[in-house]
Amino acid sequence: MLFKDLGLSAELLRSVKTKGYEEATPIQQQAIPLILDGRDVLAGAQTGTGKTAGFTLPLLQLLQQTYNENQKRHPRVLVLTPTRELAAQVHESVRDYGQYLPFRSAVIFGGVSINPQKQKLIKGVDIVVATPGRLLDHVQQRSIDLSRVEILVLDEADRMLDMGFIRDIRKILNIVPKQRQTLLFSATFSREIKTLAAEFLKNPVELQATPQNTAAERVSQIAYPVDKDRKTELLSKLIVEENWQQALVFTRTKHSANKLAEKLDKSGISASAIHGNKSQGARTKALADFKAGVVRVLVATDIAARGIDIDKLPHVANFELPNIPEDYVHRIGRTARAGQEGHAISLVCVDELKLLKDIERLLRTDIEKVYFPGYEIDPSIKAEPIRNGGGRSNSGNHGKSRGHSQANAGRARPGGGAGAAKNKSRARASGGNRYAG
Ligand code: AMP
């Protein structure tokens with residue numbers, strides 16, 4: 001369906017055209033008419049589905065319909081997001097899609113000085129995009145008045161709950177007027193999300209952009225079984241040999257993100273790390289450098305990468321598998337956006353085979369295993385439990401402490417050992433590795 005058939009105003013159609021879009025994505029086709037109709041919406045949609053425009057366009061139109069230029073400005077729309085990056089991105093969309101409309105907006109998040117945000121709010125805004133914590137700081141300091149909010153959007157609600165924002169969200173939901181329109185977007189629907197929706201949404205229409213918990217179909221997925229202490233080497237090899245120009249690489253911990261970025265950078269592959277311990281300035285710069293192609297590899301933790309929107313991102317690599325299978329889906333969702341092809345690889349050491357199995361169970365599919373020549377796993381290494389969110393670096397010398405040496409790494413053949421034998425690999429089934437012939 002084309003945007004022009006969705007009942008949007010001329011100003012909004014013009015901004016959509018400026019962005020170069022004609023055809024609305026499935027979530028946009030479903031959500032836009034319902035939101036314009038004033039309905040509460042509970043939408044299952046992850047990043048990459050076009051959800052941001054799916055709520056931004058109709059809410060701008062609703063504001064437009066009742067706009068009175070003589071009235072003092074006050075926040076009429078509030079969008080809550082889990083991270084600063086996502087807040088900045090949603091705000092960018094609000095500005096892009098609203099460029100031919102008279103509305104003013106502000107983005108509010110922590111980690112930066114509160115005063116410029118106050119200045120902006122004092123001048124009067126119609127739309128506020130915020131992370132929950134800093135928004136509540138403003139409420140407490142009376143620099144924002146939420147008493148006339150008409151539309152509330154909870155974006156990536158599941159992630160907000162994962163990040164422990166539930167109390168803040170409840171507080172905010174109790175501050176904004178009861179008489180309002182509420183839109184809740186979430187990649188997954190846990191019991192908590194459903195409880196929240198039942199409590200705060202009025203007779204919501206439920207939408208599902210993609211069947212729940214299925215990986216983006218256009219992403220090709222490969223798992224490389226490899227020993228922990230050879231991951232960096234193999235990743236560098238893949239980047240160079242397959243000539244990846246832009247890759248988002250995930251680690252489980254901030255420590256491994258830093259360490260990996262440093263090692264790649266030293267080996268001549270420009271890289272930077274992005275995670276919660278970095279200052280907002282450093283995160284913004286890393287993201288901008290990556291988007292501009294100045295830096296080839298961005299190494300990120302799950303939370304830092306959440307919501308990052310990079311057009312045409314061709315490669316996603318899981319340097320370490322996530323502890324939570326759903327996070328794998330979020331990670332690979334960074335590639336293959338809006339009709340493009342994507343490539344996701346995972347470096348899987350023996351400790352992570354169980355995580356891989358859990359992911360496959362969630363996806364209801366086997367991920368192709370490819371044994372990279374010379375990097376086959378050493379069958380003498382036994383799996384060790386992965387400490388939850390622990391500071392252990394999987395790229396460190398951990399493997400060596402268990403007597404593993406690089407010299408014998410090439411010795412093990414596919415299927416030789418610890419767990420690998422269980423993998424229903426296409427590579428195995430065809431009797432060798434993908435690179436053998
Ligand atoms: P989102 O899921 O909102 O993060 O959007 C994912 C990406 O798709 C962003 O880069 C959007 O700019 C882009 N996008 C949104 N709507 C469309 C559309 N109708 N056609 C093509 N790309 C779109």
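Just follow the structure's listing: the first ligand is 1, and inside any ligand the first atom is 1. Just so you know, these numbers use all the heavy atoms, side chains as well, and skip hydrogens, waters and symmetry mates.
For ligand 1, the atoms closer than 4.0 angstrom to any heavy atom of Phe3 are 19 (N). If you number the atoms of ligand 1 from 1 as listed, the ones under 4.0 Å from a heavy atom of Glu23 come out as 18 (C), 19 (N), 20 (N). Close contacts between ligand 1 and Thr52 involve ligand atoms 1 (P), 3 (O), 4 (O) [criterion: under 4.0 Å to a heavy atom].
An N or O contact shorter than 3.5 Å is missing between Lys19 and ligand 1 by distance. At a 3.5 angstrom cut-off on N or O pairs, Gly50 counts as close to ligand 1. Between Thr49 and ligand 1, at least one pair of N/O atoms sits closer than 3.5 Å.
Residue Arg180 qualifies as enclosed at atom CZ: its count of foreign heavy atoms under 6.0 Å is above 12.
Aromatic ring centres of Phe55 and Phe185 lie closer together than 6.0 Å.
Looking only at atom types and distance, the side chain of Gln28 has no donor-acceptor partner in the side chain of Tyr21 under 3.5 Å away. Between the side chains of Gln64 and Ser9, at least one donor N or O lies within less than 3.5 Å of an accepting N or O.
At a heavy-atom cutoff of 4.0 Å, ligand 1 is contacted by no atom of Gln89, backbone or side chain.
For the side chain to side chain donor-acceptor pair (under 3.5 Å) test with Asn277, the passing option among His255, Arg283, Lys254 is Lys254; the others fail.
The distance from the OG1 atom of Thr182 to the CG atom of Leu42 is 11.0 Å, given to the nearest 0.5 Å.
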